[in-house]
Amino acid sequence: MSEVTFATPTNASTNATAGKDYLIYLNTGATEANPTWTLLGGQRSGDLSRQADEIDASHKTSGGWKTTLPGLRSWSIDLESVYLAGDAGAKFLEAAFLAGKRVHIKFEYPDKSYITGWGAVTECSLKTPHDDVATISGTIKGDGALSDVQQPAA
């Protein structure tokens, strides 16, 4: 069979990306300088949230309107994965939670570019419904800033 090619739409809305193409990795290696990135298997969601505290800068001469400045920033990842027996990523996440250790994470975009950061596993739950698959869910709260977007190694 000959190779098939497909036209690419020029509509700007085709630049949307599928959530399934964003992945979370955990550094299961011994150092930050030479990470061993292990995929958290069975991912269903990995929601990255970046926030800033609100500083009220309103005053009597602001015309009766509230003025807000951004304060301290933070980030977190809420995640859920199908619990795959023996998955190294899930085992590492659970171990970090139980040991009270921070984790080094990589949040990968569909084009394989990524950001990294350190965070604390502040929630780690195993759900085992009788009529569905078992899932592991959790929250990683950031410790400091996330890195700038990095391009994948060639």
Side-chain angles (χ1 to χ4, degrees), residues 8 12-59 62 65-154:
T8 304
S13 67
T14 60
N15 291 332
T17 57
K20 67 178 183 62
D21 296 329
Y22 293 78
L23 297 172
I24 298 169
Y25 293 82
L26 301 163
N27 179 3
T28 58
T31 68
E32 180 178 3
N34 190 20
T36 301
W37 294 116
T38 301
L39 179 68
L40 177 59
Q43 290 178 41
R44 285 194 167 173
S45 67
D47 304 328
L48 173 63
S49 175
R50 291 173 270 201
Q51 301 172 347
D53 293 340
E54 292 182 26
I55 298 174
D56 184 357
S58 306
H59 48 85
S62 60
W65 288 94
K66 188 172 189 168
T67 303
T68 304
L69 298 173
L72 295 174
R73 293 170 296 192
S74 62
W75 63 269
S76 64
I77 294 177
D78 291 318
L79 56 90
E80 181 183 45
S81 292
V82 173
Y83 193 80
L84 304 174
D87 180 67
K91 285 184 174 189
F92 187 82
L93 188 72
E94 287 180 299
F97 175 78
L98 293 172
K101 298 293 185 180
R102 295 180 305 153
V103 292
H104 187 205
I105 64 99
K106 176 169 85 168
F107 185 88
E108 185 179 85
Y109 295 95
D111 66 357
K112 303 301 181 199
S113 65
Y114 60 92
I115 53 178
T116 61
W118 283 90
V121 183
T122 60
E123 192 250 326
C124 186
S125 299
L126 184 61
K127 297 176 186 162
T128 59
H130 79 281
D131 59 349
D132 203 354
V133 295
T135 59
I136 185 170
S137 62
T139 301
I140 300 170
K141 298 270 186 171
D143 181 2
L146 288 164
S147 71
D148 291 334
V149 175
Q150 300 172 55
Q151 295 306 314

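Numbers here simply count residues along the sequence, with the first being 1. Remember, it's a predicted structure, so these values are computed and weren't measured experimentally.
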Subject >> Gap between atom CD1 of I24 and atom CD1 of I140 - 0.5 Å precision >> reply: 6.5 Å
Subject >> Heavy-atom closest contact (T38 atom, A88 atom, distance) >> reply: CG2-CB, 3.9 Å
Subject >> K141 and S74, any side-chain heavy atoms less than 4.5 Å apart >> reply: no
Original post:
Looking only at heavy atoms, which two atoms of L23 and K20 are closest? And how far apart?
Top reply: CD2-O, 4.2 Å
Subject >> Gap separating the OG atom of S125 from the CZ atom of F97, nearest 0.5 angstrom >> reply: 7.5 Å
Original post:
Do the side-chain N and O atoms of Y22 and T17 include a donor-acceptor pair separated by under 3.5 angstrom?
Top reply: yes
Subject >> Heavy-atom pair with the smallest gap, counting every atom of Y114 and Q151 >> reply: CE2-O, 3.9 Å
Subject >> With C124, the side-chain contact (heavy atoms from CB on, under 4.5 Å) member among T122, L126, V121 >> reply: V121
Original post:
So do F107 and I77 actually touch side chain to side chain, heavy atoms under 4.5 Å?
Top reply: yes
**OP:** Kindly give the heavy-atom pair with the smallest separation between S62 and T67, and that separation in Å.
**Re:** CB-OG1, 4.1 Å
Subject >> Nearest-0.5 Å distance that lies between atom CG in L26 and atom CD1 in I105 >> reply: 8.0 Å
**OP:** Taking the side chain as every heavy atom from C-beta outward, state whether V103 and K101 have any atom pair closer than 4.5 Å.
**Re:** no
Original post:
Can you find a pair of side-chain heavy atoms, one from N27 and one from T116, that are under 4.5 Å apart?
Top reply: no
Original post:
Would you say Q150 has more than 12 foreign heavy atoms packed within less than 6.0 Å of its CD?
Top reply: yes
**OP:** Take R50 and L48 through the test side-chain contact (heavy atoms from CB on, under 4.5 Å) and record every step on the way to the result.
**Re:** CA-CA 7 Å; R50 291 173 270 201; L48 173 63; 3.9 Å; yes
Original post:
Is V82 close to R44 at the side-chain level, that is, under 4.5 Å between some pair of heavy atoms?
Top reply: yes
**OP:** Determine whether W37 and E108 make a side-chain contact, defined as any pair of heavy atoms from C-beta on separated by less than 4.5 Å.
**Re:** no
Subject >> Shortest non-hydrogen contact from A134 toward T128 >> reply: CB-CG2, 4.2 Å
**OP:** With the side chain counted from C-beta on, respond yes when L39 and Y25 share a heavy-atom pair under 4.5 Å apart, and no when they do not.
**Re:** yes
Original post:
In this structure, are over 12 heavy atoms from other groups packed under 6.0 Å from D148 atom CG?
Top reply: no
Original post:
Is W75 reaching over with its side chain to a backbone N or O of G144, donor-acceptor style, under 3.5 angstrom?
Top reply: yes
Original post:
Got a second to check how far E80's CD is from D47's CG, nearest 0.5 Å?
Top reply: 9.5 Å
**OP:** Enter the distance from L93:CG to D87:CG here, rounded to the nearest 0.5 Å.
**Re:** 10.0 Å
Original post:
Which heavy atom in G71 sits nearest to a heavy atom in I55, and how many Å separate them?
Top reply: CA-CD1, 3.6 Å
Subject >> Atom CG of D132 with >12 non-hydrogen neighbours under 6.0 angstrom >> reply: yes
Subject >> Euclidean distance, K106 NZ relative to L40 CG, rounded to 0.5 Å >> reply: 13.5 Å
